[in-house]
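First the structure, in the form of structure tokens, and then the observations on it.
For the single chain, residues carry numbers from 1 onward in sequence order. As the structure lists them, so they are numbered: ligands from 1, and atoms in each ligand from 1.
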Amino acid sequence: MTANATRVLVLNSGSSSVKYQLLDMADGSRLAVGLVERIGEQTSRLAHTPLATGGAKRETTGPIADHKAALEAVAAELAADGLGLDSPELAAIGHRVVHGGSEFTEPTLITDEVLAHIEALIPVAPLHNPANVTGIRTAQALRPDLPQVAVFDTAFHTTMPESAARYAIDTATADAHMIRRYGFHGTSHAYVSRETAKLLGKDPSEANVIVLHLGNGASASAVRGGRCVDTSMGLTPLEGLVMGTRSGDLDPAVIFHLARNAGMSVDEIDSLLNKKSGLIGLCGDNDMREIRRRIDEGDEQAQLAFDIYVHRLKKYIGAYYAVLGKVDAVAFTAGVGENAAPVREAAVAGLEELGLAVDPARNAERSGDARLISPDSARVAVAVVPTDEELEIATQAYALVSS
Ligand SMILES: Nc1ncnc2c1ncn2[C@@H]1O[C@H](COP(=O)(O)OP(=O)(O)O)[C@@H](O)[C@H]1O
Ligand SMILES: CC(=O)OP(=O)(O)O
Ligand SMILES: [Mg+2]
């Protein structure tokens, strides 16, 4: 790595999308940001904003067959702005890798062996890890000499005690098949719990925080003194909260019932629970903005979907309050958590006895900054803390390659 190589390209490959950012770690500035979505469809879309040049957002639509083609298209966009992957200023490429199993507890330099491990975890992250592997291979082909760093969603949760990480099933079966609770969105839970402590003027080692990461995928975590002690996602990102298209918690017997009595195959049930459940299954929409719009028009189905979403969220706040014993703050983050004031209000409503309350005016404020939304008199802070998974991945990747 040359002395002036301070840039990191971050790739967040999802099942049908790639989000990316090019950051300069000398000052934390963003040089380019973008997104490829609907990969594999005829209507793929690439949106690229070259912040370094002050250029306008460029959008292209048309079929992008797979993640390899997507990444090559991103590389071409960056090159068009003089920010190409051949730049000597590039220090590393940081990859979000969703499942790191029990092995990966830290950001990791990607070797053939590490990549083989990530591939071996595909059975427990079938929607996410294949895209991560393709992203890594394509980036390696484009810049074989450059360090590639994997930053795992699961890493932050590896501090969970066995009492929280184990399911109550036969131990030999669980151990033979890697069955335990891993948790996801860890980069976000780590970043947001730290930023929440800062907002309270506390050192992270002194703060107990409940983080509610509410995006399309959604998860809650209980963080004691900067370490995760419980989280709502489990073996896969299906467990826990109600999500955009995933059911979250349900009686496992629902699966046997569907297999035995509804004639559904395991793959069909998998698809039902991961893609056709949650908000979209309940009311046909997975976007909270659209659900709120329908509620404002008196739509009862949208109202019920909202109520189920909030009821589950409230149960997790209560559960993690009990796990932590003492709570300094509840922090809302990600697309829904940062933007949907009615979700925050409803999730905290009625919890005054726990010291939790939301100030309506503060909750209604629109701001991109971390802020308190509880009244000054509240015993427990309620906060909106924007997440920044890309900055956190870049910071961790850069720390590794520059050490
Ligand atoms: N202004 C808003 N009001 C309510 N919900 C919003 C708003 N903006 C975004 N969202 C919600 O955020 C979700 C996406 O969150 P995000 O964190 O970007 O998800 P992901 O990273 O999992 O794709 C959308 O599905 C939408 O429901
Ligand atoms: C792990 C997970 O659920 O990720 P996402 O929210 O990006 O789908
Ligand atoms: Mg996200």
Side-chain angles (χ1 to χ4, degrees), residues 10-21 33 35-38 47 95-100 121 124-132 135 151-157 181-189 191-192 211-221 231-248 273-275 277-280 282-296 302 305-306 309-310 332-347 363-368 384-390 392-393:
V10 175
L11 297 174
N12 178 349
S13 302
S15 52
S16 68
S17 69
V18 180
K19 293 182 189 165
Y20 62 94
Q21 288 193 6
V33 304
L35 161 76
V36 189
E37 55 187 355
R38 295 194 291 274
H95 298 265
R96 176 190 181 204
V97 178
V98 164
H99 215 311
L121 291 163
V124 283
L127 299 179
H128 292 94
N129 273 35
N132 301 153
V151 178
F152 297 93
D153 256 40
T154 42
F156 182 62
H157 303 300
R181 309 188 56 256
Y182 296 96
F184 300 89
H185 297 134
T187 318
S188 178
H189 288 285
Y191 177 83
V192 171
V211 179
L212 305 170
H213 174 107
L214 312 177
N216 245 318
S219 62
S221 69
T231 194
S232 60
M233 285 178 164
L235 174 72
T236 77
L238 181 56
E239 190 179 346
L241 299 174
V242 176
M243 313 185 206
T245 66
R246 297 174 223 161
S247 61
L273 298 181
N274 273 297
K275 298 181 180 162
S277 298
L279 292 171
I280 208 162
L282 288 166
C283 75
D285 272 308
N286 64 337
D287 192 311
M288 192 54 79
R289 282 164 289 204
E290 185 59 17
I291 292 171
R292 290 305 311 174
R293 196 191 59 70
R294 285 172 54 187
I295 290 171
D296 289 342
F306 179 88
Y309 183 95
V310 166
F332 287 88
T333 196
V336 174
E338 291 166 32
N339 296 297
V343 169
R344 299 191 297 255
E345 183 193 331
N363 191 32
E365 234 170 72
R366 297 216 139 263
S367 152
V384 177
V385 179
T387 192
D388 198 336
E389 291 166 279
E390 284 76 16
E392 180 69 16
I393 291 168

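- For the pair R96 and ligand 2, a heavy-atom separation below 4.0 Å is found.
- Within the 4.0 Å heavy-atom criterion, the part of K19 lying near ligand 1 is the side chain and not the backbone.
- Salt bridge status for R181 with E239: present, with a side-chain N to carboxylate O gap under 4.0 Å.
- There is no side-chain donor-acceptor pair under 3.5 Å between T236 and H99.
- Within the 4.0 Å heavy-atom shell around ligand 2 one does not find H213.
- Of all atoms in ligand 2, listed by their number and element, those nearer than 4.0 Å to a heavy atom of D153 are 1 (C).
- N286 meets the side-chain contact (heavy atoms from CB on, under 4.5 Å) test with N216, T245, I280; sequence neighbours excluded.
- Atom numbering of ligand 1 starts at 1 in the shown order; those under 4.0 Å from a heavy atom of A334 are 17 (O).
- Of the residues listed (I393, T187, N132, V10), the one engaging R96 in a side chain to side chain contact (heavy atoms under 4.5 Å, CB included) is I393, and it is the only one.
- Heavy atoms of N216 found under 4.0 angstrom from ligand 2: none, in either backbone or side chain.
- Against a heavy-atom cut-off of under 4.0 Å, F184 is close to the following atoms of ligand 2: 1 (C).
- Of the N or O atoms in G335, one or more lie within a sub-3.5 Å distance of an N or O in ligand 1.
- Contact check for R293 versus M288: no side-chain heavy atoms found under the 4.5 Å cut-off.
- Nearest heavy atom pair, residue A305 against residue L282, reads CB-CB, 3.8 Å.
- Shown here are the ring pair (Phe, Tyr, Trp, His ring centres under 6.0 Å) partners of Y191, two or more places apart in sequence or in another chain: there are none.
- Below 4.0 Å from some heavy atom of G217 lie the following atoms of ligand 2, by number and element: 6 (O).
- Between M243 and ligand 2 there is no heavy-atom distance shorter than 4.0 Å.
- When every heavy atom of L11 is checked against every heavy atom of Y20, the shortest pair comes out as CD2-CB, 3.8 Å.
- Against a heavy-atom cut-off of under 4.0 Å, P237 is close to the following atoms of ligand 2: 1 (C), 3 (O).
- Inspection of the T333 and E338 side chains reveals an N or O donor paired with an N or O acceptor under 3.5 Å.
- Where the criterion is an N or O separation shorter than 3.5 Å, residue side chain and backbone included, G215 fails it with respect to ligand 1.
- For the ligand labelled ligand 1, residue G244 lies outside the 4.0 Å heavy-atom shell.
- Close approach to M288 involves these atoms of ligand 1, each under 4.0 Å from a residue heavy atom: 4 (C), 5 (N), 26 (C), 27 (O).
- If you check the side chains of H213 and S188, you find a donor sitting under 3.5 Å from an acceptor.
- Contacts with ligand 2 closer than 4.0 Å are made by side-chain heavy atoms of R246 only, the backbone lying farther away.
- For ligand 2 and M233, the ligand atoms under 4.0 Å from any heavy atom of the residue are 3 (O).
- Minimum interatomic distance between F184 and S219 (heavy atoms only, all atoms of both residues): O-OG, 3.9 Å.
- Among R289, R293, R292, R366, the residue whose heavy atom lies closest to atom 9 (C) of ligand 1 is R289.
- Taking every heavy atom of G217 and a limit of under 4.0 angstrom, the matching atoms of ligand 1 come to 22 (O).
- Shown here is E345, whose CD atom has no more than 12 heavy atoms of other residues, nucleotides or ligands within 6.0 Å.
- Counting atoms of ligand 1 from 1 in the listed order, those under 4.0 Å from a heavy atom of V336 are 11 (C), 12 (O), 27 (O).
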